[in-house]
Amino acid sequence: MGKRVAVVLAGCGVYDGSEIHESSAVLVHLSREGAQAEVYAPDVDQMHVVDHVKGQPTQEKRNVLVESARIARGNIKDLAKLDVKGLDALIIPGGFGVAKNLSTWATQGKNCIISKEVEEVLRAFHSAKKPIGLCCISPVLAAKIFPGCELTVGHDTECEKWPYAKTAETMKELGCKHVNKHVTEIHVDVKNKLVTTSAFMCNAPIHEIYDGIGKMVKEVVRLA
């Protein structure tokens with residue numbers, strides 16, 4: 001039997017949900033590694049809905065589970081039903097939904113609150129010593145919950161290639177160790193079984209983001 005890996009989504013679309021290319025890359029690479037993905041999302045309203053053409057919020061209301069089901073092709077479960085006992089690992093792709101729907105990082109930064117369900121799931125995998133893979137913005141969840149952990153969101157110096165580098169500085173303020181890595185590289189926190197890669201935190205060609213996520217997935221499955 002292949003490893004069973006929980007993939008937690010936060011909606012559908014980079015500006016208000018899960019980043020679609022990252023989510024798809026995670027699912028493709030899990031399939032390639034012979035692992036079985038089980039997709040979950042919280043049954044809650046999105047913080048807001050963003051028009052992805054204009055980049056502006058709209059008056060619409062959408063549900064995180066319903067929107068995430070688009071990426072999962074309908075094969076998805078409510079995060080409240082996740083049971084860590086039957087699973088070998090956890091992966092959370094990036095996208096602003098992580099900072100808006102799974103936490104309040106988008107509005108409160110290091111003073112954010114992580115949704116109760118999401119925090120419970122992260123703590124359950126961590127205490128069971130099961131690996132956790134995080135990419136793009138999602139390592140901020142671990143930075144908030146696991147003091148002293150080692151993570152990467154790419155580089156900590158802002159430039160055209162690394163437009164979100166201030167995130168690394170904020171994570172350091174939470175007491176975690178940030179390790180600078182290129183987009184095709186991963187960082188492994190052996191003690192906490194955390195595997196991270198920068199993905200779209202880097203202004204890089206999409207195939208490089210895909211390859212970095214592939215390394216993250218491969219290591220998560222190996223650790224499981």
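Numbers for residues simply follow the sequence, beginning at 1. As the structure is a prediction and not an experimental result, all values here were calculated from the model. Any value given below was found using the heavy atoms of this structure, including those in side chains, with hydrogens, waters and symmetry copies removed.
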Atom pair [atom1] ([X]) and [atom2] ([Y]), whose distance is rounded to the nearest 0.5 Å:
| X | Y | atom1 | atom2 | answer |
| --- | --- | --- | --- | --- |
| N180 | E185 | CG | CD | 10.0 Å |
| K3 | R222 | NZ | CZ | 11.5 Å |
| K193 | K130 | NZ | NZ | 10.0 Å |
| N203 | Y164 | CG | OH | 8.0 Å |
| E67 | N101 | CD | CG | 10.0 Å |
| L9 | L102 | CG | CG | 9.0 Å |

Nearest atoms (heavy-atom pairs only) where [X] meets [Y]:
| X | Y | answer |
| --- | --- | --- |
| E117 | P42 | OE1-CB, 3.7 Å |
| A106 | K100 | CB-CG, 3.7 Å |
| M216 | I186 | N-CG2, 3.5 Å |
| G13 | I20 | N-CG1, 3.8 Å |
| V188 | E219 | CG2-CG, 3.8 Å |
| P93 | E22 | C-OE1, 4.0 Å |

Applying side chain to side chain contact (heavy atoms under 4.5 Å, CB included) between V26 and each of V39, I91, V220, report the one that passes.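 Output: one option passes, namely I91.
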
Side chain to side chain, [X] and [Y], heavy atoms closer than 4.5 Å:
| X | Y | value |
| --- | --- | --- |
| K218 | E33 | yes |
| M201 | T167 | yes |
| V5 | Q36 | no |
| K61 | V49 | no |
| R62 | D45 | no |
| S23 | V7 | no |
| T170 | W105 | yes |
| D83 | L87 | no |

Assess the side chains of H48 and D16: does a donor N or O sit below 3.5 Å from an acceptor N or O?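 Absent: no donor and acceptor within the cut-off.
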
Is it the case that the side chain of [X] and the backbone of [Y] share a donor-acceptor pair, with hydrogens and angles ignored and the cut-off at 3.5 Å?
| X | Y | value |
| --- | --- | --- |
| S115 | V118 | yes |
| S18 | A10 | yes |
| T58 | D51 | no |

Using residues 131-151 as the side-chain source, report each donor-acceptor pair under 3.5 Å to any protein atom, sequence neighbours left out, with the distance given to one decimal.
| from | atom 1 | to | atom 2 | distance (Å) |
| --- | --- | --- | --- | --- |
| S138 | OG | I92 | O | 2.7 |
| S138 | OG | C135 | N | 3.0 |
| S138 | OG | C135 | O | 2.9 |
| K144 | NZ | K110 | O | 2.7 |
| K144 | NZ | C112 | O | 3.3 |
| E150 | OE1 | H187 | NE2 | 2.8 |

Evaluate the salt bridge (Lys or Arg N to Asp or Glu O under 4.0 Å) criterion for residues D156 and K172: first the C-alpha distance (whole Å), next the side-chain angles of each, then the deciding distance (0.1 Å), finally the verdict. CA-CA 10 Å; D156 57 5; K172 288 180 200 173; 2.7 Å; yes

Parallel, tilted or perpendicular: ring planes of W162 versus H182, cut at 30 and 60 degrees: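 Aromatic pair W162/H182 classed perpendicular.
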
Answer yes if [X] and [Y] sit in the same cluster of Ile, Leu, Val, Met, Phe, Trp and Tyr residues linked by side chain heavy atoms under 4.5 Å apart, and no otherwise.
| X | Y | value |
| --- | --- | --- |
| V64 | L27 | no |
| V84 | V8 | yes |
| V217 | V190 | yes |

Whichever hydrophobic residues join Y210 through chains of side-chain contacts under 4.5 Å: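 Direct or chained contacts put Y210 with V28.
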
Under 3.5 Å, side-chain donor or acceptor atoms of residues 75-82 against the rest of the protein: list the pairs with distances, not counting sequence neighbours.
| from | atom 1 | to | atom 2 | distance (Å) |
| --- | --- | --- | --- | --- |
| K77 | NZ | E38 | OE1 | 3.3 |
| D78 | OD1 | A80 | N | 3.0 |

After noting the C-alpha distance and the side-chain angles of K161 and C202, does the key distance pass the side chain to side chain contact (heavy atoms under 4.5 Å, CB included) rule? CA-CA 6 Å; K161 188 169 185 178; C202 184; 3.6 Å; yes

